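This report refers to the structure that appears directly beneath it.
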Amino acid sequence: MVAPLPTHTQQELQERGFSRRQIGRIALILGAGTVMAGMPWHRGRADTLPVGGTYPANSILLNGNEFWTGPFPSALPEGQKALLNGNRYLTGQERQALIESAAAYDHIAPELITPWPGSSDPLCRTVISFCSPTRGLVTCDPTYETVWGVAEWLQIPLAKVPLRPENGYQADVRAMLKANPQAGMYYICSPNNPTGTVTPIKDIAWLARHIPQNAVLVVDEAYLHFSGRPSAVSLLGSCRNLIVLRTFSKLFGMAGLRLGLSMAHPDLQDRMMRYDGIYQTTMLSVPATAIGTASLKDPAEIQKRRTETRNNRKIMQNCLSHYGIRTIPSEANMLMVDWRKAPGPITTAFAQNGIIIGRSWSIWPTCSRITVGSASDVQAFCKAMENMSTLLK
Ligand SMILES: Cc1ncc(COP(=O)(O)O)c(C=O)c1O
């Protein structure tokens with residue numbers, strides 16, 4: 001049972017052109033809160049998803065872009081203390097400590113930061129808050145599909161601009177603007193999921209300066225820390241139409257703990273707060289908040305995980321290229337691998353070797369996304385490649 005949206009929110013959505021049926025669907029999305037994996041656009045895909053999938057015990061999971069180990073060791077004592085305090089709801093001080101820690105890490109004002117239980121919720125909210133049946137969504141293709149699911153389910157016009165090898169699989173920002181010059185939201189994931197390729201800050205700045213009034217540019221930096229590249233938060237001072245999203249689900253090893261951040265001008269954050277936004281941002285997990293706060297104070301561990309990921313990725317790439325298999329140069333914990341044939345039998349063969357690899361995108365049906373694992377995961381991956389070498393020819 002989904003609670004109806006408050007009358008003023010329904011009115012506002014009606015004024016933006018949403019039908020009663022679409023408003024009902026928006027209530028369902030926002031009411032779902034953190035269980036985005038259960039949303040209608042994920043149905044039938046549960047086997048390829050990090051969330052909701054079931055795998056044989058001891059499988060090596062290279063399908064969900066999670067980190068291979070848990071939270072930062074330096075943050076665990078704070079997490080343990082918080083666990084013992086788990087009888088208490090999150091206090092304002094604990095929430096504020098996370099905000100201050102993120103502000104110090106990124107050298108931005110705390111007022112620009114809102115915490116969430118992961119970044120899926122604010123990501124869905126951005127589409128609902130800034131798109132409409134007349135103000136579409138523009139993204140690259142392939143990219144992280146959650147925003148596509150929301151747009152398609154709400155019948156919001158969706159333009160997908162293909163990534164091209166000619167420009168290093170970066171977002172082609174000029175083509176994105178041309179694809180729909182009147183969109184409500186432009187979405188860039190950098191490093192991009194599933195390619196791991198980075199769009200330069202100068203291109204992000206160009207798009208932010210050229211999109212129409214009242215539109216927003218959402219930059220999803222879920223994988224930023226793997227790349228060591230500068231963040232789009234440096235543009236927040238000059239671009240009041242920019243929203244940067246972060247998650248602790250990847251390099252920080254906290255996917256199951258649920259913590260994310262949106263970084264944007266307070267006006268935009270307010271627009272994302274409709275319905276139960278306030279509830280979502282204040283009812284965070286206490287251990288997750290404590291661990292997130294402490295992790296951001298440990299840049300050495302960020303660097304260490306980045307280097308390890310880079311090394312393990314290189315070993316996987318070398319192993320694949322040994323069999324003549326091409327990968328796209330990635331700056332994140334994933335590789336897009338082109339088998340040059342339908343991946344189904346290869347995915348099955350990996351599973352028979354105890355390794356679950358990731359999904360394909362319809363624009364590149366011969367490619368699979370594979371998450372970079374630990375050194376021992378990578379060793380098992382290379383052994384599995386050896387076992388199935390005839391299949392790879
Ligand atoms: C690009 C991107 N953004 C957002 C998310 C959502 O992550 P979470 O809700 O765990 O923060 C993911 C998860 O895979 C992702 O790849």
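Since we're looking at a predicted model, the values are computed, not measured. Ligands are counted one by one from 1 in listed order, and the atoms in each one are counted from 1 as well.
Between Asp121 and Arg125 there is a salt bridge, since at least one side-chain N of the basic residue sits less than 4.0 Å from a carboxylate O of the acidic one.
If you check each of Trp116, Tyr144, Phe248 against atom 15 (C) of ligand 1, the one with the closest non-hydrogen atom is Tyr144. When Cys189, Gly118, Ser249 are ranked by how near their heavy atoms come to atom 10 (O) of ligand 1, first place goes to Ser249.
Each of the following atoms of ligand 1 lies closer than 4.0 Å to a heavy atom of Arg258: 8 (P), 9 (O), 10 (O). Taking every heavy atom of Thr247 and a limit of under 4.0 angstrom, the matching atoms of ligand 1 come to 8 (P), 10 (O), 11 (O). With ligand atoms numbered from 1 in the order given, ligand 1 contributes 13 (C), 14 (O) to contacts under 4.0 Å with heavy atoms of Lys250.
Note on residues 383-393: pairs passing side-chain hydrogen bond (donor to acceptor under 3.5 Å, both in side chains), not counting sequence neighbours, are Asn353-Asn387. The list of ring-ring contact (aromatic ring centres under 6.0 Å, His included) pairs with a residue in residues 210-235, not counting sequence neighbours, reads Tyr105-His225, Trp206-His210, His225-Phe252.
Looking at Thr309 and Asn333, their side chains never bring a donor and an acceptor atom within 3.5 Å of each other.
Heavy-atom separations between Asp220 and ligand 1 include at least one value shorter than 4.0 Å.
Heavy atoms of Ala222 found under 4.0 angstrom from ligand 1 belong exclusively to the side chain.
Residues Phe350 and Phe381 bring their aromatic ring centres within 6.0 Å.
Cation-pi geometry between Arg25 and Trp153 is satisfied (NZ or CZ under 6.0 Å from the ring centre, within 45° of the ring normal).
Polar contact with ligand 1: absent for Tyr187 (N/O pair, distance under 3.5 Å).
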